[in-house]
**Student:** 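This is the structure I want to talk about, given as structure tokens.
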Protein chains: 2
Amino acid sequence: MEFKHQATVTLAEVAEAAGVGESTVSRVLRNHGSFSGKTRERVMAAVERLGYVPNRIAGTLASTGSRLVAFVIPSLSNIVFPDVLRGASAVLEQNRYQAVFSVADYDPGKEEALAAAMLAWRPAAVMLAGYEHTEGTAKMLRASGCRVVELLDLDGDALDIAVGFSNRAAGRESAAFLLRRGYRRIGYVGHDLNRDTRAGKRFSSFCETLDANGTPLVAHEILGGPSSVENGRLGLERLLARATDLDAVYFSNDDMALGGYFHCLAQGIAIPSQLAIFGYNGLDIGRAIPQPLSTIRTPRVATGEIAAQLIVANAPPQAVDLGFELIEGATA
Amino acid sequence: MEFKHQATVTLAEVAEAAGVGESTVSRVLRNHGSFSGKTRERVMAAVERLGYVPNRIAGTLASTGSRLVAFVIPSLSNIVFPDVLRGASAVLEQNRYQAVFSVADYDPGKEEALAAAMLAWRPAAVMLAGYEHTEGTAKMLRASGCRVVELLDLDGDALDIAVGFSNRAAGRESAAFLLRRGYRRIGYVGHDLNRDTRAGKRFSSFCETLDANGTPLVAHEILGGPSSVENGRLGLERLLARATDLDAVYFSNDDMALGGYFHCLAQGIAIPSQLAIFGYNGLDIGRAIPQPLSTIRTPRVATGEIAAQLIVANAPPQAVDLGFELIEGATA
DNA sequence: ATGAAAGCGCTAACAG
DNA sequence: CTGTTAGCGCTTTCAT
């Protein structure tokens, strides 16, 4: 039951009203090609008078080049992807591009279906999270001929453009930091790693770094479902029930770490002397708690901005490393 | 420099390859009208073989009815609007609708410009936050003939459909709750109210309720810029510097309230005995802090879902009150 | 500088 | 059940 448009004004009617040809109206409106100042005025007057709104569906079809940018994001449940969208949309809006999105729920099959649906709109670009896509998604995207941007990961081979940073490096540096601070009995609390493959990459390189130091991870607690503050709290509670002698815990992200922090606060566990906490993402809230959270700040908004800029500029295939920043904080 | 599509397969080519007419292919693909099982198979085989992806731009133009739903949201900086989008997109995706969005930054002028740009895509509906739009926006929207949904507010006259709850009622009930609990010297910490008009409505009805009780607001602190945990912390710090004898503080939302909570934690101010704190939104994180935040939980995801369902069903104009829930928590 | 006309790829009558 | 045909509203040659 989709909407039927009521008597909308068309370009032809504007042309008629202005007493000029259709192509002239088109030229004036897009400020492209040449026309006299006088015709310009007459056209604009007619546009104003009739309340004409150009139909970009028709325009796009006629020009076979769209200004739609499609986002297939894993989640809208925490601030990470909204931040990316925010950065991107600011740039896109300025360049008269339109952002379209759908939410794949960290499900590669769903991502494939949604990407297919997106392609039907003939977008200028499709933006996805990371490198882990199905064969079908990759094949389809390549065949589409449309630009592809993979976001927030650099550990792998890009289909076209990639913008982000290395999650493996983030995991490594987190471990190195904790070791440098003297922690040796380290645990991990995380959410579903099969779905969030970037968190999985951080975790595995974190563990490798601990191994290389001869002080492997002591224990870990993985919770099903999405990351959340409550899951972080619960995860730490469970982990500490099994491993009582930990001196630091690495969390899959700041949401989870905050849960852990609150658990310690509620249980009277001294941070960091009794237990250190380290997160990932660098959310603002982490700086506002009584002891600023030790974490890694990721360039989420910038990732969106740069990705959008590259598409607007029709840049060649490339991988852009935006890096990340380790925040020492007060919890580790 | 928008993207030019490379040799894409068209419906005509599929028809040719399958040895049927174009309209037959169209019928099969949309599963609409009648065709034999055998033709269906031949068409699908050709689609598969050629890797055909229907062009929805062309389809939309031809059918003059679009399945695009446009969101013009004020912000992506906190989880509120992502929650709304999440609810909506789940419903839209299931019904083969596509969500398009842009961010107006709490600026009515920008909202107007973005709404105009959205209308050019001839969406089935435009979804906006609240009732406060410019004259131009309202006029344009009405003239467009496209469905309009105003979200998260019910205090005013809807252009078409409205889904949400009363912010005035929320402010009133928050005040009533604090009074019931015996608080009498109440303060307020908020962010920019001229921009976030829904927060403004809550604040004014909050104050009216206090006035009616003969215990008017003692002091308030308004911070410029967006709401954030850090601004909440800072706001409370400033407020307490001026008004030392408050027994409760109402915050413009949970982000701000969390900042206040952390300030008390850091300063050793006992909650709620020394100072009570009350928020708005009912974010998950408010339940995970050592003392669950007293607040009002708003139906954000449901707002998005219901709004999308009404559009998909082409429902008549109406205002849907989803209500809200007062959470007693432990901070007030 | 401007107009006429030919599509863009699809859907929707309308025949058959 | 299926094919033919005429648009949808615009952009884009190509003349003039």
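Worth knowing before you read on, the calculation uses all heavy atoms, side chains too, and leaves out hydrogens, waters and symmetry mates. The chains referred to below are lettered A, B, ... by the order of the sequence lines, with proteins before strands, and numbering in each begins at 1.
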**Student:** Find the distance between CZ (A/R42) and OG1 (A/T24) and round it off to the nearest 0.5 Å.
**Tutor:** 9.5 Å

**Student:** State which of D/dC8, C/dT11, C/dG3 makes the closest approach to the side chain of B/S26.
**Tutor:** C/dT11

**Student:** Would you indicate, yes or no, if C/dT2 has its OP1 or OP2 atom less than 4.0 angstrom from a side-chain nitrogen or oxygen of A/T39?
**Tutor:**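 Indeed, a polar side-chain atom of A/T39 lies that close.
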
**Student:** Looking at D/dG7, D/dG9, D/dT2, which one has an atom nearest to any side-chain atom of B/A62?
**Tutor:** D/dG7

**Student:** Mind listing the side-chain donor-acceptor pairs of residues 13-22 of chain A below 3.5 Å, one per line with the distance, residues two or more places apart or on another chain?
**Tutor:**
from, atom 1, to, atom 2, distance (Å)
A/E13, OE2, A/T10, N, 2.9
A/E13, OE2, A/T10, OG1, 3.4

**Student:** Rounded to whole angstroms, how far apart are CD on B/E13 and C1' on C/dC10?
**Tutor:** 13 Å

**Student:** Expressed as a whole number of angstroms, how long is the span from B/E16:CD to D/dT4:P?
**Tutor:**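 Nearest whole value for this atom pair: 11 Å.
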
**Student:** Nearest whole angstrom, please: distance from the C1' of C/dA12 to the CG of B/L61.
**Tutor:**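 Atom-to-atom, B/L61 to C/dA12, this comes out as 13 Å.
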
**Student:** Between C1' on C/dC10 and CH2 on A/W121, what's the gap in Å once rounded to a whole number?
**Tutor:** 12 Å

**Student:** Expressed as a whole number of angstroms, how long is the span from A/E22:CD to C/dA6:P?
**Tutor:** 13 Å

**Student:** Of the listed nucleotides (D/dT11, D/dG9, C/dT2), which one gets closest to any side-chain atom of A/F35?
**Tutor:**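 Nearest nucleotide to the side chain: C/dT2.
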
**Student:** Assign each of B/R30 and A/G33 to its nearest nucleotide of DNA chain C by heavy atoms, then name whichever residue's nucleotide is nearer the 5' end.
**Tutor:** A/G33

**Student:** At under 4.0 Å between heavy atoms, what does B/T60 touch on the DNA or RNA strands: base, sugar-phosphate, or nothing?
**Tutor:**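 If one applies the 4.0 Å heavy-atom cut-off, B/T60 turns out to touch nothing in the nucleic acid.
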
**Student:** Remember a base hit wins even if backbone is also touched, and classify A/S36 as base, sugar-phosphate or nothing at under 4.0 Å, heavy atoms.
**Tutor:**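 Sugar-phosphate, backbone atoms only, no base.
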
**Student:** Ion pair present between B/R147 and B/D160, side-chain N to carboxylate O less than 4.0 angstrom?
**Tutor:** yes

**Student:** Drop me the distance from B/D105's CG to A/E93's CD, to the nearest 0.5 angstrom.
**Tutor:**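 One gets 8.5 Å once the value is rounded to the nearest 0.5 Å.
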
**Student:** Using heavy-atom distances to pick each residue's nearest nucleotide on DNA chain C, tell me which of B/V53 and B/R27 is more 5'.
**Tutor:** B/V53

**Student:** What's the closest nucleotide to the side chain of A/L11 if the choices are D/dG9, D/dC10, C/dT11?
**Tutor:** D/dC10

**Student:** In whole angstroms, how far is the C1' atom of C/dT11 from the CG atom of B/N55?
**Tutor:** 12 Å

**Student:** Using whole Å, what does the distance between atom P of nucleotide C/dG9 and atom CD1 of A/I57 come to?
**Tutor:**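 Distance, rounded to whole Å: 15 Å.
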
**Student:** Atom CG of B/N31 and atom P of C/dT11: how far apart are they, to the nearest Å?
**Tutor:** 13 Å

**Student:** Quick one: label B/S34 by what it contacts on the DNA or RNA (base, sugar-phosphate, nothing), any heavy atom closer than 4.0 Å.
**Tutor:**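 Contact class for B/S34: base.
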
**Student:** So does B/S23 reach the base of D/dT4 with its side chain, donor to acceptor, closer than 3.5 Å?
**Tutor:** yes

**Student:** How many angstroms lie between CD1 in A/I161 and CG in A/L310, if you round to the nearest 0.5 Å?
**Tutor:**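 Nearest 0.5 Å value for the CD1-CG distance: 5.0 Å.
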
